[in-house]
Q: 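I have a structure here, written as structure tokens, and I will follow up with some questions on it.
Just so you know, ligand 1 is whichever comes first in the structure, and atom 1 is the first atom listed for that ligand. On a predicted model such as this, the values are computed, not experimentally measured, just so you know.
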Amino acid sequence: MMRKHSSHIEAGSSSCCSGTCYCSKKVKVTICVVIWTVIAVIVALILAVIIKAATLQELFERMELGARDDPVFMSATEQEILERSQRLVDAISYRTISFSGTNLSLEAMTDFGTFLERVFPNLHDSDFVTFTPINTYSRLYRIEGTEKTLNPYLLCAHMDVVPEGDFDLWTHDPFDAGIVTESDGQDYIFGRGAIDDKHAVLGIMEALEYKVVNKEQPKRTFYIGFGHDEEVSGYLGAAEISITLEKMLKDNGEELDFLLDEGMFVVADIIPGINVPLIYIGVAEKGWAVVDLDAEGDQVHSSTPPLESSIGILAHGVANMEDNKQPSMFGKGPEIDTLRYAAPHATFLLKMILGNLWLFSGLVSSALELSSQTDSIQRTTTAVTIFNAGVKENVVPSQAHAVVNHRIHPSDNLEDVLELDRENADRVKVTLRDSFPPSEVSSYSNDVIPFQIVVNSALEVFPDAKPVPGLMVANTDTFHYKNLTDKIYRFTPVYNLPEDIARFHGIDERISVDIYSKVVQFYYRLMVNADFDVKIAPTAQVEVKPEEVEEFLEILEESDYESPINNTDSNLLPLTKVMEESDENSANETDSHLMILQDIPEEPNENPSNETDSGLPPSQDILEEDFDAMPVNETYSDMLPLESAPKDLDLYDLTPEEETFSNRTID
Ligand SMILES: CCCCCCCC/C=C\CCCCCCCC(=O)N[C@@H](Cc1c[nH]c2ccccc12)C(=O)O
């Protein structure tokens, strides 16, 4: 049979099969068709990938908020820059260290408050600035705008710092280094708090002082909140500021429009193939869980060690947890838009990959995994932060204890995280100590004016950088402000290379004089840009004809842009194009976005009015707790006072859904 077939085939052999092929012509044709189809599909795929890469569109569309091409900055002579830098140096010299929830450096914090009042006398004496001390040490300012119809915003920062850690590893004294010229020839303001977060405290104060001195009362009211215990979770500072502010807003008939706190930054060289710095705005924040790990074994003489000690069992469990990471959530959270927004600025090869995430998401996820920094944006992280066992060299201990700190990705859920922990831990007992869920994702579509205000201000000081939304991988005081607004952004314009990121809570924390100058200008520009008159956008009076809706939907359907995140309004993006294509007049009547683009923003009002009293804080003498008195085993994680937090706070008032937040997928 075979042979018969073979001779038949040989007679009719064609180009795609060799003469040794033993199948019928029909089969052969089929094989040819299949092969060519596969080739055609591959070619089409490659073409599609290339075309997609070549036609990648910028996702962020900058809204004209004011003086885009010619922003007016604070004057900045060399002398002024030096004086501002020196004030940050002085601020760093206050050892406002948060050791634990019950061990704060309160005397230093009092002195720091007095310092702020001394070096920024005009704002503290201004008719339009009101200061309210919160819980004695935290600070809330209200800057009264001239136009009461505009909703206010909140600028946040924190005045406390983490301990310096190993003093000997610092190149310069972490609290007394001054300005140092480094080997790269740049001048740096060195010390604990330089990037976390005194540059923001001082930057905001510098900008406000300047506005007060120059009689630039803002149009829009805004608030400034400086917490004094952020580094130990903010239960005494931010939580109390939040309560007072909520009341103030209510009393004034205001709603908070948005808030900006520390968080992410300008980051360069973090993804090979993206050669522009990224203005990385944290639009969401991870959740948090602390897990206790306990192993038990026999307590015996070390000369007759057990087959498995408590330490061995615990070490095995912990190693398993590190080896088997929590799963990647790539594509289910803000990280996908980080890459989509960055894609147009990548090399062509990377554009092909990032422009075609439907095909390459697995590859991208694996690439992100190569660095712990980039990996942290795509999964729940697992950090073993405490490991304790044993009291004597010749006693095998019966107990071993470790602590793991998870930062939970917005699309992950606590139950799944714990289930994998238990699997990995093997014979180690896993107990959840405390947790809170990830934040909501704040809107970052192009028509969200607060997002535009933040990004525009950043672009004005970093014109060559490209804005991307993304996930804040750690936590901030914004946790306490979530009831005030749903537009929460986490960003300060510190410029970081990957190696600089290790300086947060690390060794040799520093900010260059040049970047600090940009920080100050950023806050100034933000105060100006926030005065952009949003009232003129008549969102409430929109009248859309049914035909127009249909037309919009058609064009929207044709658009290939899809955001995986429903609640970010990213899918509004094509509307911009829709509006550009549609009749200009009807667009004016029906869409606030275009109205905004066409309106001419005004410069800030220079006539202060509405004089109010400014209240200065009562100075209190409270002794700083002695660092040396800290128990040897006490570590940062021990210090986070979540268990000791007041039980009436949100954290403990979670709804059952929040408690498990098991259904929080946002894809
Ligand atoms: C493609 C781009 C990838 C970019 C990757 C970037 C990686 C970023 C890596 C590090 C970020 C540095 C984080 C700075 C955090 C500053 C805030 C902070 O220190 N928070 C503390 C303490 C804390 C504050 N509020 C709470 C609430 C509950 C628990 C702890 C805290 C912290 O997060 O531990």
Side-chain angles (χ1 to χ4, degrees), residues 98 100-101 156-158 160-162 192-193 195-197 199-200 227 229-239 261-274 277-282 285-290 330 333-343 345-346 350 354 364 367-368 370-378 381 383 385 405-408 433-439 466 468-482 490-492 494 496-506 509 635-637 639-643 645 649-651:
S98 290
S100 77
C156 309
H158 64 89
D160 62 325
V161 297
V162 294
R192 181 56 90 223
I195 49 173
D196 186 10
D197 183 33
H199 75 284
D229 66 339
E230 186 271 354
E231 296 294 0
V232 287
S233 305
Y235 286 97
L236 300 171
D261 196 359
E262 65 162 343
M264 301 313 285
F265 31 74
V266 180
V267 60
D269 295 347
I270 189 97
I271 301 174
I274 294 180
L278 301 175
I279 295 170
Y280 187 126
I281 313 275
E285 184 166 306
K286 279 185 163 180
W288 158 284
V290 177
F330 183 73
E335 71 286 339
I336 191 153
D337 273 348
T338 305
L339 298 179
R340 281 187 169 150
Y341 275 62
H345 313 289
L350 190 58
L354 296 181
V364 172
L368 289 176
L370 296 176
S371 131
S372 60
Q373 289 173 354
T374 50
D375 197 35
S376 67
I377 68 171
Q378 66 166 341
T381 50
T385 48
N405 182 205
H406 289 297
R407 303 298 170 118
I408 301 167
R433 192 194 296 180
D434 60 54
S435 68
F436 58 79
S439 74
K466 302 296 171 191
V468 297
L471 182 60
M472 167 64 185
V473 298
N475 293 100
T476 64
D477 270 346
T478 61
F479 172 77
H480 301 287
Y481 297 127
K482 59 181 183 292
R490 302 153 186 90
F491 173 79
T492 66
V494 182
N496 284 316
L497 295 169
E499 59 265 32
D500 294 324
I501 295 174
R503 296 177 197 271
F504 282 87
H505 295 196
E509 188 176 342
T635 63
Y636 292 172
S637 289
M639 293 173 219
L640 293 167
L642 292 175
E643 316 95 290
L649 286 173
D650 281 340
L651 179 62

Q: Can you name the atoms of ligand 1, numbered from 1 with element, that are less than 4.0 Å from a heavy atom of Gln373?
A: 5 (C), 7 (C)
Q: Under a heavy-atom criterion of less than 4.0 Å, does Val267 contact ligand 1?
A: no
Q: Would you call Ser233 a ligand 1 contact, heavy-atom distance under 4.0 Å?
A: yes
Q: Should His480 and Cys156 count as side-chain neighbours, where that means a heavy-atom distance under 4.5 Å?
A: no
Q: On a heavy-atom basis, I'd like to know which of Arg503, Glu231, Arg407 is closest to atom 32 (C) of ligand 1.
A: Arg407
Q: Is the contact between Val468 and ligand 1 made by the side chain, the backbone, both, or neither, using heavy atoms and a 4.0 Å cut-off?
A: neither
Q: Kindly give the heavy-atom pair with the smallest separation between Ala157 and Ala200, and that separation in Å.
A: CB-CB, 3.8 Å
Q: Please round to the nearest 0.5 Å and tell me the distance separating atom CD1 of Ile270 and atom CG of Leu368.
A: 10.0 Å
Q: Applying a heavy-atom cut-off of 4.0 Å, say which part of Glu335 lies close to ligand 1: side chain, backbone, both or neither.
A: neither
Q: Does any part of the side chain of Leu339, heavy atoms only, come nearer than 4.5 Å to the side chain of Phe330, both counted from C-beta?
A: yes
Q: Would you mind running through ligand 1 and noting each atom that sits below 4.0 Å from a heavy atom of Tyr280?
A: 2 (C), 3 (C), 4 (C)
Q: What heavy-atom pair brings Lys286 and Thr381 nearest, and what distance separates the two atoms?
A: NZ-CG2, 3.7 Å
Q: Indicate whether the side chain of His158 and that of Asp196 have a donor and an acceptor atom separated by less than 3.5 Å.
A: yes
Q: Out of Leu471, Asn475, Val162, Asp196, whose heavy atom sits nearest atom 26 (C) of ligand 1?
A: Asn475
Q: Report yes if some heavy atom in the side chain of Tyr280 is under 4.5 Å from a heavy atom in the side chain of Ile377; otherwise report no.
A: yes
Q: Considering the heavy atoms of Ile501, write down every atom of ligand 1 situated less than 4.0 Å from one of them.
A: 9 (C), 10 (C)
Q: Taking 4.0 Å as the limit for heavy-atom contacts, which would you say applies to Phe479 with ligand 1: side chain only, backbone only, both, or neither?
A: neither
Q: Any side-chain heavy-atom pair from Asp269 and Pro498 closer than 4.5 angstrom?
A: yes
Q: Taking only heavy atoms of His505 into account, list the atoms of ligand 1 that are under 4.0 Å away from them.
A: 19 (O)
Q: In ligand 1, which numbered atoms sit nearer than 4.0 Å to a non-hydrogen atom of Ala474?
A: 15 (C), 33 (O)
Q: Would you indicate which of Met264, Met472, Glu262, His480 comes nearest to atom 8 (C) of ligand 1 when only heavy atoms are counted?
A: Met264
Q: Quick check: Thr374 and ligand 1, any N/O pair under 3.5 Å apart?
A: no
Q: Considering the heavy atoms of Ile271, write down every atom of ligand 1 situated less than 4.0 Å from one of them.
A: 1 (C)
Q: Please could you name the atoms of ligand 1 that Thr476 approaches to less than 4.0 Å, counting only its heavy atoms?
A: 24 (C), 25 (N)
Q: Look up atom CD1 in Ile271 and atom NE2 in His345, then write down how far apart they are to the nearest 0.5 Å.
A: 12.0 Å
Q: Donor-acceptor pair, Asp229 side chain versus Asp160 backbone, under 3.5 Å?
A: no
